[in-house]
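For reference, the structure is listed below as structure tokens.
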Amino acid sequence: MKAASVSVGIAPQGKFWMEGYIHPIRKEPGLGIHDEPRATLLLVEVEGARTLFVSIDVCVLKAETTAAMRTGLSGLLGIEVGHIVINSIHTHSAANGFGGAGSMDIPTTPGYVEYVTGLVLQAATRLCDYERDVKAQMLIRHVRGWYSNRNDAELPFDDEALILRFVYEDGSVAGAMLNFNCHATVVGPTNRLLTTDVQGGVRDELVDWIGCVPYIFTGASGDLGNRQFRQGNDFAELRRVANGIAGEIMKGTFEPVELSAPKVSRFSHHVHYNNEQFYPEYQRQLDEVLEVLANNPTFDEKKLADTEKAMLEDQLERHEMDFTVEITTLDFGSVVFATFPGELASELGAYIRESFAGTGKHPVVIGYANDYQGYFVAAHTYGGTSYESYVTQMPKGWTEKMLESYRGQL
């Protein structure tokens, strides 16, 4: 088994606009950089089969905005396109562009997608220089007290944190991946400085301890965040939360793990319906949101209601929904990854993980990967207090049916 990694800064070089929150101030350009966003590439080769994982410190990314990057990486490294995973870390204070032009009625950062694509391809040319024989180690730790289901702290959620590390014979680290499942929304919507928020904050705290800049991703965290434990929404709170989560992860212990050549499969599910049939429900929800905004909401209530209002108004202008959800499964024997192109509710992520029960494989969901199709939430949360059910593109119960089909294909 061989591995190599490289990480590169991707801060925009001129005027930029930010993506993640809906707030009037976000229509103004960003003011600067609090901590530098990165793109990190992790190359893993097992029994001659190569897989590439790429994390980009942006809010979301679409298949069309990463198409040139994916094609270029495939050609440079001789990797099948289906063996390349590209995900965002979902920070809500990132330069925009990868989410598509005109997202949330905010100007698009000019040339940013092309700039980052060039940096990633340039960085990829260095991977082969570092690729050598390695052994794999895995750490699993359960993190509590810093984040939870953001709608109800008493609900179950995926509290697993994982590090998969690749170590050279001399003990130095070739590369690693880091996963914990929490929305990167510690810093609030009025912030105008680029920050990788809690995902990048925890990564930065762990760099020296892990031995490299890890490839990072969040999993089925569509309804997970630190809302229930928040003591502020500024950079002091970000430091507190990042330090706390990193400290919990560092209590874990690495154990050796064997990987086999990946078996890669792709599941594709087409979604198509007449959206006008749901207009009355959207209008009812919009009326509720407007009532919240009219009655002196708290900071967090207003933050959510502003987003709900914009997205519900957008829904009322859509006549037809037509999109495709693709899930890629990468089975390395002892560890299996399932990519997901959006914000999957934690309990639905558990449903995917349960697909591998009794197989001896450790399942991991890579969220916000290869495309972005919004929120995917459980049927029983529709019509309640779940913010996510207000803004999803999937009708009630359709996500469960889709995941049943995915399990059937497995």
Side-chain angles (χ1 to χ4, degrees), residues 19 51-54 56 58-74 79-88 90 97-104 113 117 217-222 263-278 282 311 314-315 317-331 336-345 348-349 351-352 355 363 365-379 382 388-410:
E19 185 170 37
T51 307
L52 182 68
F53 300 89
V54 182
I56 303 177
V58 294
C59 183
V60 298
L61 49 81
K62 300 286 284 182
E64 56 266 29
T65 59
T66 56
M69 182 187 298
R70 186 180 301 277
T71 301
L73 290 169
S74 176
I79 300 176
E80 294 180 36
V81 169
H83 290 230
I84 299 173
V85 177
I86 305 175
N87 64 275
S88 68
H90 204 50
F98 276 94
S103 177
M104 297 184 177
V113 170
T117 298
F217 62 94
T218 186
S221 58
K263 298 176 182 178
V264 180
S265 61
R266 189 177 73 174
F267 168 81
S268 184
H269 182 82
H270 185 224
V271 178
H272 179 244
Y273 60 90
N274 178 1
N275 196 43
E276 294 180 7
Q277 64 183 304
F278 298 107
Y282 298 148
M311 289 190 165
D314 185 51
Q315 288 279 43
E317 295 180 0
R318 295 180 178 179
H319 301 285
E320 187 177 38
M321 301 301 293
D322 192 349
F323 60 95
T324 299
V325 178
E326 292 189 349
I327 303 173
T328 299
T329 305
L330 304 101
D331 186 346
V336 58
F337 299 96
T339 70
F340 196 85
E343 312 197 38
L344 188 64
L348 297 178
Y351 185 82
I352 290 179
S355 305
V365 176
I366 303 178
Y368 310 88
N370 298 332
D371 201 1
Y372 181 76
Q373 300 294 354
Y375 282 97
F376 294 78
V377 301
Y382 283 70
E388 297 80 18
S389 70
Y390 276 47
V391 297
T392 180
Q393 298 183 111
M394 291 287 277
K396 182 178 180 179
W398 284 33
T399 299
E400 284 89 343
K401 292 179 181 178
M402 177 185 70
L403 293 179
E404 285 174 11
S405 296
Y406 168 70
R407 287 176 69 160
Q409 179 176 299
L410 289 174

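Values reported hereafter were calculated over all heavy atoms of this structure, with side chains retained and with hydrogens, waters and symmetry mates removed. Note that the structure is a prediction, hence the values are computed from the model and not measured.
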Using a 4.5 Å cut-off on heavy atoms from C-beta on, say whether the side chain of Glu19 contacts that of Phe98. no
Are the side chain of Asn275 and the backbone of Arg318 linked by a donor-acceptor contact shorter than 3.5 Å? yes
Do the two ring centres, one from Phe340 and one from Phe376, sit under 6.0 Å apart? yes
Quick one: does Phe267's side chain get under 4.5 Å of Leu410's, heavy atoms only? no
Here the pair of heavy atoms bringing Val325 nearest to Pro341 is CG1-CG, 3.7 Å
Shortest non-hydrogen separation from Thr324 to Ser268 and the atoms involved: CG2-OG, 3.3 Å
Would you say that Ile352 contacts Leu403 through its side chain, given a criterion of any heavy-atom pair below 4.5 Å between the two side chains? yes
Within-4.5 Å side-chain heavy-atom neighbours: Ile56 and Met69: yes
Residue pair Met321, Gln315: steps toward the side chain to side chain contact (heavy atoms under 4.5 Å, CB included) verdict: CA-CA 10 Å; Met321 301 301 293; Gln315 288 279 43; 4.3 Å; yes
Thr328 side-chain N/O to Thr339 backbone N/O, donor-acceptor pair under 3.5 Å: no
Tell me if a side-chain donor or acceptor on Ser88 pairs with a main-chain N or O of Cys59 at a distance below 3.5 Å. yes
Over all heavy atoms of both residues, which pair between Pro395 and Tyr273 is shortest? Give the atoms and the distance, please. CD-CE2, 3.6 Å
Please test Thr329 against Val336 for side chain to side chain contact (heavy atoms under 4.5 Å, CB included), starting from the C-alpha separation and ending with a verdict. CA-CA 7 Å; Thr329 305; Val336 58; 3.6 Å; yes
Can you see which heavy atom on Ala220 is nearest to which on Ala345, and at what distance? CB-O, 3.8 Å
Could you go through Val377 and Glu343, starting from their C-alpha distance and side-chain angles, then the distance that decides it, and tell me whether this counts as side chain to side chain contact (heavy atoms under 4.5 Å, CB included)? CA-CA 8 Å; Val377 301; Glu343 312 197 38; over 6 Å; no
Does the pair Glu400 and Tyr351 meet the rule for a side chain to side chain contact (heavy atoms under 4.5 Å, CB included), with working shown? CA-CA 9 Å; Glu400 284 89 343; Tyr351 185 82; over 6 Å; no
For the side-chain contact (heavy atoms from CB on, under 4.5 Å) test, which of Ile79, Val81, Val54 pairs with Arg70? Val81
Verify, without hydrogens or angle tests, whether Thr392 (side chain) and Glu388 (backbone) share a donor-acceptor contact under 3.5 angstrom. no
Do you know the tightest heavy-atom contact between Val85 and Ala369? CG1-CB, 4.3 Å
Looking at every heavy atom in both Ile86 and Ile84, which two are closest together, and how far apart are they? CG1-CG2, 3.9 Å
N/O donor-acceptor pair under 3.5 Å between Gln373 side chain and Phe323 backbone: no
Under a 4.5 Å cut-off applied to non-hydrogen side-chain atoms, are Glu320 and His272 in contact? yes
Can you confirm whether more than 12 heavy atoms, excluding those of Glu80, are under 6.0 Å from its CD atom? no
Return the orientation label for the Tyr368 and Tyr372 ring planes: parallel under 30°, perpendicular over 60°, tilted otherwise. parallel
Looking at residues at least two apart in the chain, or sitting in another chain, which of them share a side chain to side chain donor-acceptor pair (under 3.5 Å) with Thr66? none
Just wondering, are more than 12 heavy atoms of other shown residues or ligands nearer than 6.0 Å to CZ in Arg266? no
